[in-house]
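In what follows, a structure is listed as structure tokens, so that the remarks can point back to it.
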Amino acid sequence: MRVLKFGGTSMGDEHTWRRVLEIIKTYDRPIVIVSATARTTRQLVAAAELAAVDFGRASTMAIEIKERHELLIRNFLDRMNDRNGNNINELTEQCERWIEDRTKTLLQLLNEIAEEGNLTSRLKDAVAGIGEQLSSRLFSYCGSAFGLQTSWVDARSIIKTDSNFGNANPDLSLIAKNSEELSLLSAQGMIPVMGGYYGEDSKGEATTLGFEGSDFSASLLGSALDAEAIEIWTDVSGIYTCDPRIVEDAFPIKKMSFREATEMAYFGAKVLHPSTMNPAEEKQIPILVKNIFEPDHSGTIIRGETGENGKAKAMTFLKDVTIVTVTSPHTRMGYDFLSGVFKVLKDYHLSVNVVTTTEASISLALSSGQIHADMIDSMEELGEVQTKDKQGIISLIGCNFETMEEVSGQIFAAIPKTPVTMISYSSEKKNLNIVLPENLLTSSVQAIHKKLFDRSEK
Ligand code: ADP
Ligand code: MG
């Protein structure tokens with residue numbers, strides 16, 4: 001059994017829906033996870049934010065979402081002929097009823113937000129999950145029209161989580177138990193279709209798994225069902241050496257380890273949710289990243305061991321970074337000082353990308369969104385605080401540098417005149433991070449990629 005996940009780009013319009021169904025048709029008893037249709041989640045969140053101040057405009061956005069789905073369904077179903085013995089009219093009506101139903105719920109939620117006058121994280125999640133609720137059920141109906149034995153499963157009945165809205169933590173044992181329903185459907189010859197990204201807490205409130213959460217839903221199910229593989233289908237042929245939108249020469253990586261893929265996501269590659277690899281790694285289930293527009297391309301396989309690589313496996317970058325440097329007034333405070341700083345990180349749930357220390361000072365590279373006055377106040381109790389914003393981080397993943405000469409010749413020589421803010425490297429972790437001014441990030445990424453990655457590996 002394989003779990004197949006199709007992202008927002010694959011759910012774009014009736015043409016991609018048909019393409020996706022053609023792919024699903026080639027599998028023996030797959031489990032299907034889908035994202036919301038392209039742009040929908042972003043629009044839902046924008047409507048939720050707007051509802052607190054302008055219900056009228058928020059409800060206009062809700063109607064836009066409704067109409068876009070109606071059009072998609074009509075375009076898909078109108079072109080289906082009845083040769084599969086399915087009643088297209090009846091399926092169209094079922095789709096329309098579901099769109100009505102979800103729109104009604106959406107408007108009720110937007111109204112609730114308007115009445116409260118502010119957007120709580122609970123209501124934000126309730127709204128954000130509607131995109132997948134819509135797409136998954138509609139896609140399942142369209143699958144029936146296409147002649148597949150699809151059967152919609154509401155993720156709320158499977159993906160149980162805690163109440164950490166916006167980034168909920170899955171309850172693995174409940175998910176394993178609930179997934180039996182999917183095995184059962186599959187054993188009866190059905191193809192279960194479930195929306196990714198959303199779930200439900202123990203009080204029955206809708207939750208979401210965070211940005212790119214559908215990838216995580218797929219690996220949670222893959223692990224719960226002991227799948228043979230988890231396949232993430234998208235619009236590029238695998239995980240590339242660097243973001244192909246920025247680096248023209250980037251190329252797909254054939255094989256990489258769970259650890260390397262997690263690091264890529266953590267250090268900014270917007271291709272997979274960073275938690276995706278955990279459930280898969282636990283059960284050693286390979287994750288494949290494949291392209292719906294080039295289904296015969298082998299894509300990337302992520303598994304226990306890494307594959308062949310040159311001097312580095314991949315490169316990622318992060319924008320919007322601020323360096324916070326704390327300097328202790330007493331040089332002998334040593335580890336008390338450092339543990340004080342780490343306690344502030346813990347208290348404010350800060351995740352740090354790069355750290356460098358001396359006995360009496362520490363520099364932390366943080367996403368600028370994490371910086372706020374209370375946190376700086378707490379740091380100021382420990383010493384003098386300086387901040388430096390508008391920085392970026394370049395991270396090289398899976399490095400194999402053996403000498404200083406290699407690091408300088410392959411990396412620093414590519415960007416000889418660029419000012420450098422911070423550097424960290426560990427041969428143990430095979431990871432090199434360079435912090436530099438944000439305005440030089442893109443050109444530096446391109447220059448390093450050119451020097452370091454050899455297209456002949458392709
Ligand atoms: P989906 O809608 O299928 O989840 P995403 O937009 O989340 O798709 O992810 C695919 C996109 O990620 C690609 O179109 C690509 O532009 C971008 N991307 C960024 N970094 C990488 C990378 N290192 N390798 C592949 N794709 C990347
Ligand atoms: Mg994605």
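Hydrogens, waters and symmetry mates are skipped; everything else that's a heavy atom, side chains included, is used. Just so you know, ligand 1 is whichever comes first in the structure, and atom 1 is the first atom listed for that ligand.
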Does the residue Lys5 have a heavy-atom contact with ligand 1, meaning some pair of atoms that are separated by less than 4.0 Å?
yes

Is it true that Ser35 lies under 4.0 Å from ligand 1, counting heavy atoms only?
no

Tell me, please, if Glu212 has any N/O/S atom, main chain or side chain, under 2.8 Å from the Mg ion (ligand 2)?
yes

Exactly one candidate in Val45, Leu106, Thr105 meets side-chain contact (heavy atoms from CB on, under 4.5 Å) with Val127; the answer is Leu106

Which atoms of ligand 1 sit under 4.0 Å from any heavy atom of Gly7?
1 (P), 2 (O), 3 (O), 4 (O)

Between Lys5 and Asp215, does any NZ, NE, NH1 or NH2 come within less than 4.0 Å of an OD or OE carboxylate oxygen?
yes

Against ligand 1, does Met264 come closer than 4.0 Å with any heavy atom?
yes

Please name the pair of heavy atoms, one in Gly195 and one in Ser136, separated by the smallest distance, quoted to 0.1 Å.
N-CB, 3.4 Å

Which atom of Ile393 lies closest to which atom of Ser395, heavy atoms considered
CG2-OG, 3.7 Å

Taking only heavy atoms of Gly238, which atoms of ligand 1 are found under 4.0 Å from at least one of them?
25 (C)

Please check: side-chain N/O of Ser257 versus main-chain N/O of Glu305, any donor-acceptor pairing under 3.5 Å?
no

Are more than 12 heavy atoms from other residues, nucleotides or ligands located less than 6.0 Å from atom NZ of Lys160?
yes

What residue and heavy atom of the protein are closest to atom 11 (C) of ligand 1, and at what distance?
Asp235 OD1, 4.0 Å

Heavy-atom proximity to atom 26 (N) of ligand 1, best of Val236, Val247, Val289:
Val236

Under a heavy-atom criterion of less than 4.0 Å, does Pro252 contact ligand 1?
no

Could you work out, for atom 15 (C) of ligand 1, the closest of Glu212, Met315, Arg245, Met11 by heavy-atom distance?
Arg245

For atom 2 (O) of ligand 1, the protein heavy atom that lies nearest, with its residue and separation
Gly8 N, 2.9 Å

Relative to the ring of Phe76, is the ring of Phe146 parallel (under 30°), tilted (30 to 60°) or perpendicular (over 60°)?
tilted

When you look for heavy atoms under 4.0 Å from ligand 1, do you find them on the side chain of Cys242, its backbone, both, or neither?
backbone

Any N/O of Tyr240 closer than 3.5 Å to an N/O of ligand 1?
yes

Look at atom NZ of Lys270 and say whether more than 12 heavy atoms of other residues, nucleotides or ligands are closer to it than 6.0 Å.
no

For atom 12 (O) of ligand 1, closest protein heavy-atom neighbour:
Lys270 O, 3.3 Å

Residues, nucleotides or ligands: over 12 heavy atoms within 6.0 Å of Glu282 CD
no

Quick check on Gln284: does its CD atom have over 12 non-hydrogen neighbours (other residues, nucleotides or ligands) under 6.0 Å away?
yes

Contact (N/O only, under 3.5 Å) between Thr241 and ligand 1
no

Hey, is CZ on Arg29 packed in by over 12 heavy atoms from elsewhere, all under 6.0 Å?
yes

Could you check atom 27 (C) of ligand 1 against the protein and tell me its nearest heavy-atom contact, residue, atom and distance included?
Pro244 CD, 3.6 Å

Taking only heavy atoms of Thr234 into account, list the atoms of ligand 1 that are under 4.0 Å away from them.
1 (P), 3 (O), 8 (O), 9 (O), 10 (C)

